Amino acid sequence: METKIGLEIHCQLTGVKSKLFCSCSCDYRGKGANANVCPTCAGLPGTLPLLNRKAVECAGMISLALGCKIPDEIAFYRKNYFYPDLPKNFQLTQYNAYGITSIGVEGKLEYGDGGSKSTRIRRVQLEEDPGRLVYEGGSMETSIYTLIDYNRAGVPLVEIVTEPDFSDPKDVRLFLDKVTSIIEHLEVCDTKLEGSVRCDANVSVGGGGNRVEIKNVSSFADVEKALRYEITRQRTMASRDIEVKAETRHWDDARKVTKESRTKEEEQDYRYFPEPDIPAVVLGSEFSSSVMQLMPELPDARKDRFVLDYDLSAHVAQVLINNKELADFFESALKTYHSPKEIANWIVTDLMGFMNEKEERLFEGLKIGPEHVAELAKLVDQNVINRATAKQILGQIVKTGEMPSSVAKKTRASMIDDAGALAQAIDSVFQSEKAAVQDARRNPNAANFLLGKVMQLTRGRADPKAALELIQKKLSEPSS
Ligand SMILES: [Zn+2]
């Protein structure tokens with residue numbers, strides 16, 4: 001049975017500081033209820049909306065990054081519905097039924113390994129977020145009343161609508177990861193903030209099957225789970241000849257099921273009509289090129305640069321850029337100590353093992369920063385500690401935040417500090433590594449190899465600094 005999945009992704013433009021049609025702050029998290037509200041976003045009669053230029057630019061950036069065309073002119077429509085989260089009883093959004101008015105159309109995004117898959121983007125539109133309904137006790141079913149917080153009403157929202165090009169929930173996950181990385185790189189949306197990205201998914205199974213919309217999926221990671229559940233549900237129904245109703249279902253995160261919430265509205269129920277208080281916005285032909293100039297480096301270009309400039313494998317580069325925080329961490333470590341392959345290796349093969357499984361909270365609970373990993377790589381490069389010791393140290397410092405060098409010192413409490421014993425070990429290495437000694441007399445960098453041998457011989461108990469000094473002193477003496 002053929003499965004078709006389409007997505008509607010909402011991302012708040014948290015990079016824009018004020019609301020879409022008034023100057024109220026968008027930063028509502030942790031604020032008192034209804035603290036960021038003015039007559040415009042409260043929907044009082046007689047107020048007029050004023051479009052936020054920065055929000056249009058950010059939506060333009062997202063459109064271009066998703067390969068969309070930007071029309072010369074955009075407009076806003078009223079989507080009418082009576083619901084307490086909308087103080088005006090309509091939402092200002094964009095609508096393409098009577099000609100293109102949305103900021104982006106007809107895009108395409110490649111994703112997956114080396115861009116092996118692609119999905120068409122139907123449109124990118126700019127709209128206002130509704131207010132937030134707060135259920136007493138936290139649950140819609142058991143709450144006896146509902147509180148409304150209009151702080152979120154009017155926060156600029158970009159909706160990305162894809163064509164139903166997906167058939168596998170796993171691809172949906174890869175696509176969402178890529179979108180996340182793009183909007184993080186554009187710095188238009190902080191995806192780590194709770195509720196800043198939401199995803200609805202349309203699913204139909206079998207050619208004639210009705211479309212079911214899954215709403216209320218609060219994390220991209222859960223979209224894949226919700227889709228798997230829904231596909232199984234619809235297939236089971238089809239195999240028993242039960243008709244799948246066109247409806248909206250909510251994802252119940254606690255029970256990991258989708259459940260019926262209401263019969264889906266038809267488009268005509270919304271009675272769309274052009275917003276009379278906002279004239280059409282003429283962007284002109286230069287808008288795209290000027291927005292293009294504002295755009296920072298995007299994930300694909302960054303990946304290519306990592307491969308080219310840092311000589312990383314395509315796989316390692318991809319793992320790093322999948323999450324902007326990780327890629328930034330890597331490049332920041334390089335500023336402390338420039339050893340790209342070594343540092344990338346530490347991050348991808350070792351550090352990620354300690355990270356939070358929830359991708360949007362990678363570093364949660366970890367006490368280390370780029371400087372820790374840079375120092376760890378340096379200690380290994382310089383043979384001060386071996387890889388096995390470094391791994392143990394990493395396991396400790398992710399919890400304590402201590403610098404690797406200080407842990408290395410402490411764990412070598414029984415370090416050889418007796419100059420005689422150290423000299424003896426060095427003598428022995430000079431005896432057994434004659435060729436390397438010759439080499440090191442001509443090339444001072446080769447002394448590190450000898451240091452490594454001394455560390456090996458003393459099982460890491462020698463003080464590397466003192467040992468290196470002694471080695472260098474011995475190298476400068478005339479050879480006997
Ligand atoms: Zn306002």
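Computation of the quantities below employed the complete heavy-atom set of this structure, encompassing side-chain atoms and omitting hydrogens, waters and symmetry-equivalent molecules. Heads up: numbering here begins at 1 and tracks the sequence. Treat the numbers as computed from the prediction; the structure is a model and nothing was measured. Whatever order the structure lists ligands and atoms in, that order sets their numbers, starting from 1.
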Residues [X], [Y]: salt bridge by 4.0 Å N-O rule:
X      : Y      : answer
Asp300 : Arg305 : no
Glu260 : Arg249 : no
Glu375 : Lys378 : no
Arg302 : Glu331 : yes

Inset, instruction - Return each pair, listed once, that meets salt bridge (charged side-chain N to carboxylate O under 4.0 Å, His left out) where at least one residue sits in residues 28-51; pairs must be two or more places apart or across chains. - result: Asp27-Lys31
Legend entry - Parallel, tilted or perpendicular: ring planes of Phe306 versus Tyr310, cut at 30 and 60 degrees: tilted
Inset, instruction - Please list, in chain and residue-number order, the protein N/O/S atoms closer than 2.8 Å to the Zn ion (ligand 1). - result: Cys22 SG, Cys24 SG, Cys38 SG, Cys41 SG
